[in-house]
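Throughout, a chain's letter reflects where its sequence line sits, starting with A, and its residues are numbered from 1.
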Amino acid sequence: MKESEFKNLYDKYFDSIRRYIYYRSSDQALATDVAQNCFLKLWEKKDFLHKKNIKSLLYKMATDEFINHWRKQKREREFANEHFEIKSNEAENENQEIINYRKKMQLILSGLGERQRSVFLMNKMDGLTISEIANYLGLSIKAVEKRMTQAWKYIKLEAGKK
Amino acid sequence: MDESKMNKFLKKGYIKFSKSKDQIWEEVFSKKMTSNKQESKMFSLHSFFPQKRFSYAVAATVLVLLGVAYFNYEDNSLASEEAEVVYKISKEEFAEIESSTMFESLFIEDQEVDYFFNMHVANQIVDE
């Protein structure tokens, strides 16, 4: 793989991988580190890579890296306590209602299980289809649908409470 | 909760990271690429020496083969000279034999033996 090809892959997938880890961990620094490490590993293995399914490979690498990190830091860190943040494109024009809505959503999403949240936000924020998510994460379509349903149930339940 | 409102909110939303992917590229990956290029240059310099050693080895082998071939050639030429000497000697000997009285006597008819003996052999004995 040439440097230019690697740069193309980086430009194309770095943000998606970083967002995916952020959806799971709610930790920006960790998401950046994991995405960075994935691409460093990809560069090291560039001579042995097939161009097909690079995106799936990157998601797999990112998941493994995240799990390893999570295991190491399990005692020190609780991801559930991290505050999940979403910025709005309309931030400058945000009125109080939108600000309140955003805060509410962030709170609900922070409480959502990381597996459900990642699948849910990959679908809602990144616009990936259920089958794409299943393909990238190495899950069955049914498993992804189940996580989506669980996410919806939780969000509706929590929104009703608050 | 209104589902369409939430979808719209999430669709427009984004995650703001402290560093953009371009900044990370500049800080981490562009350095990596530069060092990688330097490594590959170093590697090509190192790889020059084994090639040079290989060419030296080939040159040395050729020299050894030329030396062996030269000495073989010299040995062969000496042997052929020796063979020629042997041949010459034998030729001279043969001429001597041919001209010798003994050899001539082989071709003498029975009735000429007395004449031959008187003419050649008796004269030769007298000469000696």
Side-chain angles (χ1 to χ4, degrees), chain A residues 2-4 6-7 9-23 26-29 31-33 35-37 39-40 42-44 46 84-91 97-98 101-102 104-106 108-109 120-127 152 155-162, chain B residues 1-70:
Chain A
K2 290 175 189 171
E3 191 187 318
S4 57
F6 179 75
K7 179 76 168 78
L9 287 177
Y10 179 87
D11 286 339
K12 212 170 172 184
Y13 301 130
F14 184 85
D15 280 339
S16 321
I17 298 297
R18 183 159 65 164
R19 276 200 306 274
Y20 161 62
I21 296 300
Y22 182 69
Y23 296 157
S26 308
D27 185 333
Q28 287 206 6
T32 303
D33 284 350
Q36 201 174 291
N37 286 344
F39 278 90
L40 284 171
L42 194 75
W43 175 249
E44 283 164 15
K46 63 184 186 301
F84 192 86
E85 264 188 66
I86 298 178
K87 298 281 177 195
S88 172
N89 280 331
E90 298 162 341
E97 192 193 344
I98 297 173
Y101 187 78
R102 186 162 59 83
K104 191 177 177 182
M105 276 306 298
Q106 286 181 164
I108 292 170
L109 289 169
F120 181 76
L121 292 177
M122 282 167 91
N123 177 253
K124 298 295 174 193
M125 288 185 78
D126 296 351
W152 269 120
I155 290 165
K156 279 176 183 169
L157 188 73
E158 289 300 306
K161 280 182 190 172
K162 291 158 191 172
Chain B
M1 179 174 267
D2 185 0
E3 200 176 313
S4 63
K5 191 181 176 184
M6 190 182 72
N7 284 341
K8 198 179 165 187
F9 169 78
L10 289 175
K11 210 173 181 180
K12 283 186 177 175
Y14 66 96
I15 310 297
K16 179 140 177 64
F17 290 96
S18 56
K19 282 181 185 173
S20 71
K21 73 169 192 278
D22 295 326
Q23 278 176 307
I24 293 168
W25 177 268
E26 282 303 313
E27 283 173 20
V28 181
F29 292 95
S30 61
K31 282 179 192 169
K32 187 96 183 160
M33 301 290 155
T34 316
S35 64
N36 204 274
K37 273 179 189 169
Q38 281 170 349
E39 270 174 29
S40 65
K41 272 184 189 171
M42 289 281 281
F43 179 76
S44 65
L45 276 174
H46 284 297
S47 66
F48 174 75
F49 290 107
Q51 277 177 359
K52 210 174 180 183
R53 277 208 298 269
F54 179 73
S55 61
Y56 281 146
V58 169
T61 310
V62 168
L63 280 174
V64 167
L65 285 172
L66 282 172
V68 168
Y70 176 73

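The shortest side-chain heavy-atom distance between B/Lys5 and A/Tyr101 falls under the 4.5 Å cut-off.
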Walk me through whether A/Phe39 and B/Val28 qualify under side chain to side chain contact (heavy atoms under 4.5 Å, CB included). CA-CA 10 Å; A/Phe39 278 90; B/Val28 181; over 6 Å; no
CA sep, side-chain torsions, deciding dist, call: A/Met105, B/Met6, side chain to side chain contact (heavy atoms under 4.5 Å, CB included): CA-CA 8 Å; A/Met105 276 306 298; B/Met6 190 182 72; 3.6 Å; yes
Test side chain to side chain contact (heavy atoms under 4.5 Å, CB included) on A/Trp152 and B/Glu3 and set out the steps. CA-CA 9 Å; A/Trp152 269 120; B/Glu3 200 176 313; 3.1 Å; yes
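For a residue to count as touching a neighbouring chain, one of its non-hydrogen atoms must lie under 4.5 Å from one of that chain's; by this rule A/Ala35 does not touch chain B. Interface residue A/Tyr23: only side-chain heavy atoms are found under 4.5 Å from chain B. Contacts between A/Leu121 and chain B at a heavy-atom distance below 4.5 Å involve the side chain alone, from C-beta outward. With a 4.5 angstrom heavy-atom cutoff, A/Asp11 touches chain B via backbone and side-chain atoms both. Looking at A/Gln36, the atoms closer than 4.5 Å to chain B (heavy atoms on both sides) sit in the backbone and in the side chain alike. Heavy-atom distances place both the backbone and the side chain of A/Tyr10 under 4.5 Å from chain B.
Here the side chain of A/Gln28 pairs no donor or acceptor atom with the backbone of B/Lys19 at under 3.5 angstrom.
With rounding to the nearest 0.5 angstrom, the OH atom of B/Tyr14 is 11.0 Å from the CD atom of A/Glu85. Between the CD1 atom in B/Ile24 and the CG atom in A/Asp15 there is a gap of 8.5 Å [rounded to 0.5 Å]. In this structure, NZ on B/Lys12 lies 14.5 Å from CD1 on A/Ile86, to the nearest 0.5 angstrom.
For the pair A/Arg18 and B/Phe17, the cation sits on the ring face: its NZ or CZ lies under 6.0 Å from the ring centre, inside 45° of the axis.
The two residues A/Met125 and B/Leu10 have their closest heavy-atom pair at CG-O, 3.3 Å.
Classification of the A/Phe6-B/Phe29 ring pair by plane angle, with boundaries at 30° and 60°, yields tilted.
Using a 4.0 Å cut-off between charged nitrogen and carboxylate oxygen, A/Lys7 and B/Glu26 do not count as a salt-bridge pair.
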